[in-house]
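Worth saying up front: this structure is predicted, and the values here are computed from it rather than measured. Residue numbers start from 1 in every chain, and the chains themselves are labelled A, B, ... in the order their sequence lines are given, proteins ahead of strands. Atom set for the values below is all heavy atoms of this structure, side chains included, hydrogens, waters and symmetry mates excluded.
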Number of protein chains: 2
Amino acid sequence: MQIGQLATLAGVNIQTLRYYERQGLLPEPDRRASGYREYEPETVALVRFVKRAQELGFTLREIGELISLRDNDSVRRPEVRALAAAKIEDVERKIRGLSAMRTALRGLVDACSCGNGMSACPIIEALDEPRANQVRAHAASVPD
Amino acid sequence: MQIGQLATLAGVNIQTLRYYERQGLLPEPDRRASGYREYEPETVALVRFVKRAQELGFTLREIGELISLRDNDSVRRPEVRALAAAKIEDVERKIRGLSAMRTALRGLVDACSCGNGMSACPIIEALDEPRANQVRAHAASVPD
DNA sequence: CTTGACTCTATACCTAGGTATAGGGTTGAT
DNA sequence: ATCAACCCTATACCTAGGTATAGAGTCAAG
């Protein structure tokens, strides 16, 4: 598959693919004698993964780390497990934050409880993470 | 409260606060005769909200919209409800994506099922959203 | 064997979201 | 009344993540 087709299928622009390659997110593809890049069909899923992960708030650097988790050989396995565990923490923190925001937004839709004053507002409060020596009864838990 | 104190309490830099003000994310604070900005204590929560929402993948423009939901007067209420409903959609899509990624990461930690080949990898697959005419049995649902 | 659609590299440019610096005024403690 | 530690505006600069352009080569159909 040529770069133009990959770009179309993955919904990105050709320059973006070359940019990802320079950033080490995409492996260097095979080249024809002419220098044209030749991609494998799996690359489509990889590029879509990158775009999706970006929408979820990961930087390209972090996405690179996620991708590298895939390519683990048995030698680096403990390292990979540790990195994956750390990423799970990140992901769960994000889910908690989003759940809290969803709850607040629902309150707004259902009851418009957030009145006309500047007073305590569920939306702003929603993301006010617990800090040390504060107890917050309504902290959202990460659902299974 | 002066800008330096706000910056310290909210964990951002002073220039960032002035930048947010220019972008319309923070209301223009009162000024002393000297021109010094005087903030209310609530502003700390507002700024922290901005930072947290950013980590969750919202742009400053979107965050501005979220904040504006707070300041609804009864006139604009239907509009506010519609916008809030749309934001809930966004948030739920993000939660689904993150849940899928968490599942994949757990698989990696628990079993290291993702072997040494380039073959189908749970991490990459995890975020491969269903497109028309594809059925994906394991699509994550948004938990309540 | 030419023509149109594709690709290559290199370089420049763009937006978002800041961060730093220059040049100057304010405040409050000593 | 001075001095450090603050604040002001304006402007320049920076990184991430692209997007566009120039100038040149490649490929397949007619």
Side-chain angles (χ1 to χ4, degrees), chain A residues 1-41 43-44 46-68 90 94 97 127, chain B residues 1-41 43-44 46-68 90 94 97 127:
Chain A
M1 181 187 310
Q2 292 191 179
I3 197 168
Q5 197 185 351
L6 175 58
T8 302
L9 291 176
V12 301
N13 158 326
I14 290 179
Q15 276 77 270
T16 302
L17 293 173
R18 295 201 271 244
Y19 175 73
Y20 286 172
E21 184 180 319
R22 284 199 298 284
Q23 302 305 304
L25 282 167
L26 299 184
E28 304 219 341
D30 288 344
R31 299 286 188 131
R32 292 203 211 171
S34 61
Y36 280 29
R37 290 169 178 81
E38 267 299 324
Y39 292 98
E40 323 249 306
T43 313
V44 177
L46 185 54
V47 175
R48 278 204 281 242
F49 171 81
V50 172
K51 297 312 286 181
R52 291 279 296 141
Q54 268 189 308
E55 287 167 23
L56 300 176
F58 293 95
T59 63
L60 291 189
R61 173 183 298 272
E62 291 170 321
I63 294 166
E65 290 176 9
L66 286 167
I67 290 173
S68 77
D90 286 4
K94 287 188 192 212
L127 290 192
Chain B
M1 180 187 310
Q2 292 192 177
I3 197 169
Q5 197 184 350
L6 174 58
T8 302
L9 291 176
V12 304
N13 159 326
I14 291 179
Q15 276 77 270
T16 302
L17 293 172
R18 297 201 271 242
Y19 174 73
Y20 286 172
E21 185 180 320
R22 284 198 300 281
Q23 302 304 305
L25 282 167
L26 300 183
E28 304 220 342
D30 289 342
R31 301 284 189 132
R32 291 203 210 170
S34 61
Y36 281 28
R37 291 169 178 81
E38 267 299 324
Y39 293 97
E40 323 251 305
T43 312
V44 177
L46 184 54
V47 175
R48 278 205 279 242
F49 170 80
V50 173
K51 299 309 287 180
R52 290 278 298 139
Q54 269 188 309
E55 287 168 22
L56 299 177
F58 293 94
T59 63
L60 291 189
R61 171 183 298 274
E62 291 170 321
I63 295 167
E65 292 177 9
L66 287 166
I67 291 173
S68 76
D90 285 4
K94 288 187 193 216
L127 289 191

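- Contact check for I63(A) versus L60(A): side-chain heavy atoms found under the 4.5 Å cut-off.
- In this structure, L56(B) and K94(B) have side chains that are not in contact, with every pair of non-hydrogen atoms separated by 4.5 Å or more.
- Annotation: side chain of T43(A) is not in contact with side chain of M1(A) (no heavy-atom distance under 4.5 Å).
- How far CG of D90(B) is from CD of E65(B): 9.0 Å, rounded to the nearest 0.5 Å.
- Sorted by residue number, the members of residues 15-34 of chain A with any non-hydrogen atom under 4.0 Å from DNA chain D read Q15(A), T16(A), Y19(A), Y20(A), R32(A), S34(A).
- The stretch residues 6-14 of chain B comes close to DNA chain D through I14(B), each having a heavy atom under 4.0 Å from the strand.
- In this structure, E62(B) contributes its side chain and T59(B) its backbone to a donor-acceptor pair below 3.5 Å.
- Between T16(B) and N13(B), the closest side-chain pair of non-hydrogen atoms falls below 4.5 Å.
- With a 4.5 Å cut-off on side-chain heavy atoms, Y36(A) and I3(A) do not count as touching.
- Between Q2(A) and dT7(C), a side-chain N or O to OP1/OP2 separation shorter than 4.0 Å is present.
- Y39(A) places none of its side-chain heavy atoms less than 4.5 Å from the side chain of V44(A).
- Among residues two or more places apart in sequence or in another chain, the side chain to side chain contact (heavy atoms under 4.5 Å, CB included) test is passed with T8(B) by none.
- A 4.5 Å side-chain heavy-atom check between V50(B) and V12(B) finds every atom pair outside the cut-off.
- Across A10(B) and V47(B), no two heavy atoms sit closer than the pair CB-CG1, 3.5 Å.
- In this structure, the side chain of R48(A) does not engage the main chain of G11(A) through any donor-acceptor pair within 3.5 Å.
- Mapping heavy-atom proximity under 4.0 Å, the span of DNA chain D touched by chain B runs 5' to 3' from dC6(D) to dT9(D).
- When the C1' atoms of four end pairs are superposed on the next four at each end of the helix from dC1(C)-dG30(D) to dT30(C)-dA1(D), using five pairs per end, the two resulting axes differ in direction by 0°, to 10°.
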List, one per line, each side-chain donor-acceptor pair under 3.5 Å for residues 18-33 of chain B, sequence neighbours excluded.
| unit_1 | atom_1 | unit_2 | atom_2 | d |
| --- | --- | --- | --- | --- |
| Y20(B) | OH | K51(B) | NZ | 3.4 |
| E21(B) | OE1 | R37(B) | NE | 2.9 |
| R31(B) | NH1 | G35(B) | O | 2.8 |
| R32(B) | NE | E38(B) | OE2 | 3.4 |
| R32(B) | NH2 | Q2(B) | OE1 | 2.6 |

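- Comparing L60(B) and Y36(B) against DNA chain C, the residue whose closest nucleotide sits nearer the 5' end is L60(B).
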